[in-house]
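Heads up: the structure comes next, in structure tokens.
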Amino acid sequence: MLDEHIVFVDLETTGATATHDRITEIGVIEVNHGQLISEWSTLVNPGMSIPPMIQALTGITNAMVASAPSFAEIQRALLPRLKGKLFVAHNARFDYGFLKNEFRRCGVTFNARVLCSVKLSRKLYPQHARHNLDTLLERHELACEARHRALGDARVLWLLAQKWTAERGAAAVKAAVDVLVKTQTVPVGLPDLAFDNIPETPGVYLFYGDNDVVLYVGKSINIRSRVMSHFSGDHRVNKDMRIAREIKRIDWKQTAGELGALLLESKLVKQLAPVHNRQLRRNSQLCAWYWADTGGADGNIGHAPQIATADDIDPARFGELYGLFRSRATAIEALREIAATHGLCNILLGLEKRTAPLTGACFAHQIKRCRGACVGLESHEQHALRLKQALSSMRTVPWPFEGRIAIRENTIDGECTDLHVLDHWCYLGTVRSEAELHDLAEVRTAPVFDVDTYKILKRYITKPPHGASIVRIAA
Ligand SMILES: [Zn+2]
């Protein structure tokens, strides 16, 4: 165990529930090959009050954390301290769960190989029933100068690790650690070393079950750590528990970068329809609102937006289509919401028939939600103008190029390149060189529009990340 790169971690918190309570103090002791590398500790402002009982136990008061940084402020400094090391804590599930949740709140995925020192103690000293920290201090005749403070308790773990290694021998400790760390991560259906060959690069991974049924397809900028996080054993979602029971084989496809992983994942999920991926509706139900801005004096005044169905959703018409919806019902719901927010008239929008015989007012106007285009309180021109503004946020984006392009994406070390070939928001494929690019350009199959691909590309092309380059391909 001590031949590894380890962090001994202890946390103080406002309570016992990782999803509700927050961290008030973190202590980290880093040890590499048995050498103490660093000790690090900070108070953390939990953003909530610490219960009096806990203040009394730890000595950490509301006043002490009031001026401390929040977890969000220290997470950048903390993450590199923990990353890639064996995470050791007493009741590790508790500390690891708290940190995972705090990182998640900051939008960061934190995963580690975890070792619980309670379990290790139990394995090395099975003759003893109690393995809490106070009992262990007494049993091994160790002293702690700051019990119930994060760094003080983390130091105890480091002392225990040395004591155990001295008493039981490095080989016995290592064997016990190996069993504990492994049983917790590799699902039963997989060989022990199933994770060892998975690369730490961007790409897509596939989980297979009995009879090579595809269970799940996912993507990551670090395939290995993402795969392992499915089986980390803490805060598992139901889906991951089912996958852990059914999985028999893992496969993966490396990509140069994140875009390639996103495009490939989207393609494979549709192609393979894995058992545990959220099943997306097929494009056949796709629809959008069509509302042409003719620009003339009368424009499209008086014309209600029309629903364009899958056959009409041609990327060449993007700009005149608004929103892309997976069903007619969601399209109508979205337009109703826009009408309600902006005081537009459901009668003029074609969402309601004129039923009030005397006034001709729409229902929304009767409850003062529609500004009254239906009863002449607002001109149709003015209503059309406001509709145009209201729709603008969901306007589809016209393809900003002449024709086919490729997006060049390099691996971090610059050694490999992917060229993703695209035409009018459709993904045609990925090649590895300019020569292949022209082979693919020869292929004249009609591109198939896919809404998920469109969303991925729209985000990417309207805000290209640093280092992305676009190659124009002659038609
Ligand atoms: Zn109205």
Side-chain angles (χ1 to χ4, degrees), residues 280-281 283-401 424-426 449-464:
L280 299 175
R281 276 175 217 257
N283 279 336
S284 60
Q285 299 198 32
L286 197 66
C287 49
W289 287 104
Y290 167 69
W291 201 61
D293 183 8
T294 54
D298 57 347
N300 36 37
I301 293 159
H303 296 292
Q306 306 291 314
I307 285 196
T309 50
D311 290 342
D312 304 320
I313 294 176
D314 177 355
R317 295 174 65 193
F318 278 18
E320 295 180 346
L321 297 179
Y322 294 87
L324 287 169
F325 304 96
R326 295 194 193 277
S327 72
R328 200 183 173 85
T330 50
I332 290 171
E333 189 50 40
L335 190 60
R336 276 190 199 285
E337 235 167 69
I338 280 182
T341 313
H342 296 269
L344 295 166
C345 181
N346 281 338
I347 289 179
L348 267 72
L349 293 179
L351 296 173
E352 185 182 327
K353 289 212 172 75
R354 228 177 256 278
T355 49
L358 292 175
T359 59
C362 71
F363 176 72
H365 184 62
Q366 296 169 44
I367 57 167
K368 305 211 164 21
R369 291 270 165 78
C370 156
R371 289 198 199 164
C374 43
V375 292
L377 286 176
E378 180 182 36
S379 72
H380 285 194
E381 287 84 351
Q382 180 63 16
H383 186 271
L385 193 67
R386 292 200 305 112
L387 174 59
K388 187 178 174 182
Q389 279 164 357
L391 287 175
S392 65
S393 67
M394 52 182 211
R395 181 171 170 262
T396 50
V397 180
W399 179 241
F401 307 99
H424 283 84
W425 302 116
C426 298
F449 178 76
D450 168 69
V451 64
D452 298 305
T453 305
Y454 166 70
K455 284 177 181 167
I456 294 165
L457 292 174
K458 190 176 78 165
R459 207 165 52 220
Y460 199 89
I461 286 174
T462 49
K463 235 189 197 174

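Side chains are part of it too, since the values below use all heavy atoms of this structure and drop only hydrogens, waters and symmetry mates. Only a predicted model underlies this, so the values are computations on that prediction, with no experimental measurement involved.
- What you find for W425 and V397 is that their closest heavy atoms are NE1-O, 2.9 Å.
- Applying the side-chain contact (heavy atoms from CB on, under 4.5 Å) rule to R354 yields the partners I347, C374; only residues at least two apart in sequence or on another chain are considered.
- No side-chain donor-acceptor contact under 3.5 Å links R328 to the backbone of C287.
- When all heavy atoms are compared, the tightest approach of W291 to A384 is CH2-O, 3.4 Å.
- Residues W289 and M394 come closest through the heavy atom pair CD1-CE, 4.2 Å.
- Within the 4.5 Å cutoff, the side chain of P305 has heavy atoms near those of the L387 side chain.
- Residues meeting the side-chain contact (heavy atoms from CB on, under 4.5 Å) test with L385, sequence neighbours left out: Q382.
- Taking both residues in full, the closest heavy atoms of L344 and A390 are given as CD1-CB, 4.1 Å, listed atom of the first, atom of the second, then distance.
- One finds the NE2 atom of H424 at 13.0 Å from the CG atom of L457 (value rounded to the nearest 0.5 Å).
- Under the 3.5 Å distance criterion, the side-chain polar atoms of E352 are matched with a main-chain donor or acceptor of F363.
- The stretch residues 357-378 participates, sequence neighbours left out, in these salt bridge (charged side-chain N to carboxylate O under 4.0 Å, His left out) pairs: E378-R386.
- With sequence neighbours left out, the side-chain hydrogen bond (donor to acceptor under 3.5 Å, both in side chains) criterion links T453 to D450.
- Between the side chain of T396 and the backbone N or O of Y322 there is no donor-acceptor pair closer than 3.5 Å.
- F401 meets the side-chain contact (heavy atoms from CB on, under 4.5 Å) test with W399, I405, I461, I470, R472; sequence neighbours excluded.
- With sequence neighbours excluded, the residues satisfying side-chain contact (heavy atoms from CB on, under 4.5 Å) with A288 are I313, L321, L324.
- For H365 (side chain) and V375 (main-chain N/O), no donor-acceptor pair under 3.5 Å exists by modelled atom type.
- Shown here for A373 and H380, the closest heavy-atom pair between the two residues is O-NE2, 3.8 Å.
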Show me the side-chain donor-acceptor pairs of residues 329-339 shorter than 3.5 Å, one per line, residues at least two apart or across chains.
| from | atom 1 | to | atom 2 | distance (Å) |
| --- | --- | --- | --- | --- |
| T330 | OG1 | S327 | N | 3.3 |
| T330 | OG1 | S327 | O | 2.9 |
| T330 | OG1 | S327 | OG | 3.1 |

